[in-house]
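What follows is one structure encoded as C-alpha cells, with my remarks underneath.
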Amino acid sequence: MTLQQLKYIIEIVNCGSINEAANRLFITQPSLSKSVKELENEIGIEIFLRSNRGISLSTSGAEFLGYARQVVEQAELLEQRYMKKAPSKRLFSVSTQHYAFSVHAFVNTVKEFDQDEYEFAIRESKTHEIIEDVKNLRSEIGVIYINDFNEKVLNKIIKDNGLIFTHLFDAKPHIFISADNPLAKKKKIKIEDLDPYPRISFEQGTHNSFYFSEEILSTLSHKKNLLVSDRATLSNLLIGLQGYTITTGILSVELNGSNLVSIPLESDEIIKLGYIKHKNVSLSIPAKKYIEKLEEYIKEYKY
C-alpha cells in the first residue's frame with residue numbers, strides 16, 4: 001500500500017468515475033484501474049462496486065476512505081512542516097436543504113482557507129438527493145431537519161444508507177414574508193392568518209413525499225400553493241406575490257437583504273436541525289471547519 005494509491009482512491013471518489021480521475025491525475029485509465037485492483041487485492045476488500053452504470057463505494061470502501069483521507073492529510077501536514085511544501089488543493093463539498101445559515105457558514109469556511117488552490121462545492125438540493133449525495137460521498141455533509149412527523153421515516157432511511165444524523169439545534173417555526181406583507185406588523189402569526197396568502201414550498205421532484213418536505217406542517221391543506229426549486233425564486237415570490245414559507249427563523253440580512261422578515265408561528269412543532277455524514281468516514285479538515293462555522297452562526301441567533 002502506497003500513499004499514491006490512497007490519493008488515487010480519494011481522487012476517484014471526488015470525480016465519481018475512474019476515467020475522470022485518470023484525466024485529472026494525468027495517467028491512463030488502465031493504469032489507474034490496475035493500481036486500484038492491486039490495492040484491493042493487497043488489503044483483501046472490494047473498495048469499489050462496479051456495474052454498467054459506473055462505480056460506487058462499497059461499505060468497506062467507505063470505511064477505508066475515511067482512514068485514507070486521514071493518512072493523506074497527515075502526510076501533507078508533515079510535508080508542509082518539514083519540507084516547506086505548499087498546501088495541496090483543499091477539497092470539500094456539502095449538500096443542504098435551502099437554508100441561508102448553511103450558505104453563510106460555507107462562505108465563512110471558504111474565507112478561512114486562505115490559499116491559492118481549493119475546490120469547494122455547496123449544493124442546495126432536494127432532501128432525497130442530499131441523502132444520496134452523502135451516501136455516495138459526493139458530499140461529506142448533508143444539512144437537513146427532522147421533526148416528530150418525519151423522524152421515524154428519515155431516521156430509517158439514514159440508517160439504511162450507512163449514515164448518522166448529528167443534532168445541532170432546535171428551532172421554533174417561523175414565517176418568512178415580505179416586509180410589505182400586511183402580516184409583517186404582527187408579533188406572532190396563527191395558521192389561520194395565512195389562509196389568504198400563497199404558501200411557497202421547495203419541490204422535491206419524484207420523491208415528493210410529505211416526509212421529504214423541507215417545510216413542517218406540509219400535510220395541512222392550503223388553497224394557494226407554489227412550488228420552487230431555489231431560494232432566489234422563493235424570495236422573489238415572497239415579495240412579488242405576498243407569499244409565505246415556514247422555516248427556522250434564521251434570516252441572514254447579508255444574504256437575503258432587508259426585504260424579508262421573520263415572524264414566529266404559533267405552533268407546538270419543533271424543527272430539529274442537524275447534519276448527516278457517513279458513519280464510517282472521518283470528516284476532512286474543511287468539513288470540521290464548516291461544522292464549527294455552522295455552530296458559531298447558530299449561536300449568534302441564541303439557539
Side-chain angles (χ1 to χ4, degrees), residues 94-107 121-131 133 139 142-147 149-150 169 171-186 188-191 193-265 267 269 271-273 275 294 297-298 301 303:
V94 57
S95 294
T96 175
Q97 291 176 328
H98 299 77
Y99 299 123
F101 64 82
S102 294
V103 179
H104 197 282
F106 182 80
V107 169
I122 182 166
R123 304 180 180 95
E124 288 189 315
S125 193
K126 303 174 179 67
T127 304
H128 180 267
E129 290 177 0
I130 293 169
I131 295 171
D133 281 350
S139 289
V143 181
I144 63 172
Y145 92 92
I146 59 174
N147 70 340
F149 173 73
N150 66 16
F169 70 101
K172 293 289 291 181
H174 286 65
I175 301 297
F176 282 1
I177 55 177
S178 165
D180 296 327
N181 190 299
L183 297 177
K185 296 179 181 179
K186 286 182 171 286
K188 274 195 174 184
I189 290 178
K190 299 179 180 179
I191 289 291
D193 294 334
L194 299 169
D195 193 55
Y197 304 94
R199 178 174 64 186
I200 306 174
S201 308
F202 289 106
E203 60 97 11
Q204 297 296 322
T206 56
H207 294 86
N208 203 25
S209 160
F210 289 128
Y211 296 112
F212 288 106
S213 173
E214 291 189 40
E215 301 81 22
I216 65 166
L217 305 175
S218 57
T219 57
L220 294 181
S221 61
H222 198 72
K223 293 183 293 185
K224 303 174 182 178
N225 293 283
L226 298 170
L227 297 177
V228 298
S229 60
D230 62 89
R231 281 190 303 112
T233 302
L234 179 137
S235 295
N236 289 336
L237 295 183
L238 292 178
I239 296 169
L241 294 176
Q242 300 285 34
Y244 75 90
T245 191
I246 304 176
T247 184
T248 63
I250 302 180
L251 189 63
S252 173
V253 176
E254 298 96 322
L255 298 176
N256 296 108
S258 57
N259 294 321
L260 301 180
V261 295
S262 174
I263 302 175
L265 175 67
S267 171
E269 293 282 340
I271 304 171
K272 304 171 187 176
L273 268 295
Y275 65 90
L294 266 179
Y297 192 62
I298 290 164
Y301 283 82
Y303 279 107

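In this structure, Leu294 CG and Thr96 OG1 are separated by 8.0 Å, a value rounded to the nearest 0.5 Å. We find the OG-CG distance between Ser218 and Asn225 to be 10.5 Å, quoted to the nearest 0.5 Å. Here the CD1 atom belonging to Ile263 is positioned 4.0 Å from the CD1 atom belonging to Ile177, to the nearest 0.5 angstrom. Note: Asp230 CG to Glu203 CD = 10.0 Å, rounded to the nearest 0.5 Å. Distance check, rounded to the nearest 0.5 Å: CD1 of Ile146 to CD1 of Ile216 gives 13.5 Å. Taking CD1 of Ile122 as the reference point, atom CZ of Phe106 lies at 5.5 Å (rounded to 0.5 Å).
Judged by distance alone, the side chain of His104 and the main-chain N or O of Tyr99 form no donor-acceptor pair under 3.5 Å. The backbone N or O of Ser267 sits less than 3.5 Å from a side-chain atom of Lys172, completing a donor-acceptor pair. Checked by atom type and distance alone, the side chain of Gln97 pairs as donor or acceptor with a backbone atom of Tyr145 at under 3.5 Å. Remark: the backbone N or O of Pro196 is paired with a side-chain donor or acceptor of Lys224 at under 3.5 angstrom.
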(request) Apply the test side-chain hydrogen bond (donor to acceptor under 3.5 Å, both in side chains) to residues Glu214 and Thr127: give CA-CA distance (whole Å), side-chain angles for both, the deciding distance (0.1 Å), then the verdict. (result) CA-CA 7 Å; Glu214 291 189 40; Thr127 304; 4.9 Å; no
(message) Using the rule given for side chain to side chain contact (heavy atoms under 4.5 Å, CB included), can you reason through Leu265 versus His174, listing the C-alpha separation, both sets of side-chain angles and the distance that settles it, and then say yes or no?
(response) CA-CA 5 Å; Leu265 175 67; His174 286 65; 5.9 Å; no
(message) If you apply the rule side chain to side chain contact (heavy atoms under 4.5 Å, CB included), what do you find for Tyr297 with Ile250, and how did you get there?
(response) CA-CA 10 Å; Tyr297 192 62; Ile250 302 180; 3.9 Å; yes
(request) Please assess Ile246 against Ile175 for the test side chain to side chain contact (heavy atoms under 4.5 Å, CB included), listing each intermediate value before the final yes or no. (result) CA-CA 5 Å; Ile246 304 176; Ile175 301 297; 3.7 Å; yes
(request) Show your working on side chain to side chain contact (heavy atoms under 4.5 Å, CB included) between Leu273 and Ile298 and close with a plain yes or no. (result) CA-CA 10 Å; Leu273 268 295; Ile298 290 164; over 6 Å; no
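Shortest non-hydrogen contact noted between Pro198 and Leu226 is CB-CD1, 3.9 Å. Here the closest heavy-atom approach between residue Ile200 and residue Leu237 is recorded as CD1-CB, 3.5 Å. Nearest heavy atoms, Tyr211 versus Asn150: O-CB, 3.6 Å. The shortest non-hydrogen separation linking Asn147 to Glu269 is ND2-OE1, 3.3 Å. Closest approach of Asp180 and Gln242 over heavy atoms only: O-NE2, 3.6 Å. Listed here is the closest heavy atom pair of Ser139 and Val94: OG-C, 3.6 Å.
The aromatic rings of Phe101 and Phe169 sit perpendicular, their planes meeting at an angle over 60°, well past the 30° parallel limit. Between His128 and Phe212, the ring planes are perpendicular. Angles over 60° get that label, and only those under 30° would be called parallel. Classified by interplanar angle (parallel below 30°, tilted 30° to 60°, perpendicular above 60°), the ring pair Phe202/His98 is parallel.
The side-chain contact (heavy atoms from CB on, under 4.5 Å) check on Ala179 picks up Val261, with sequence neighbours excluded. A search for side-chain hydrogen bond (donor to acceptor under 3.5 Å, both in side chains) contacts involving Asp133 returns Ser95, Arg138, not counting sequence neighbours.
Shown here is Lys186, whose NZ atom has no more than 12 heavy atoms of other residues, nucleotides or ligands within 6.0 Å.
Between Leu238 and Asn259, the closest side-chain pair of non-hydrogen atoms is not below 4.5 Å.
No donor-acceptor contact under 3.5 angstrom links the side chains of Asn181 and Ser178, judged on distance only.
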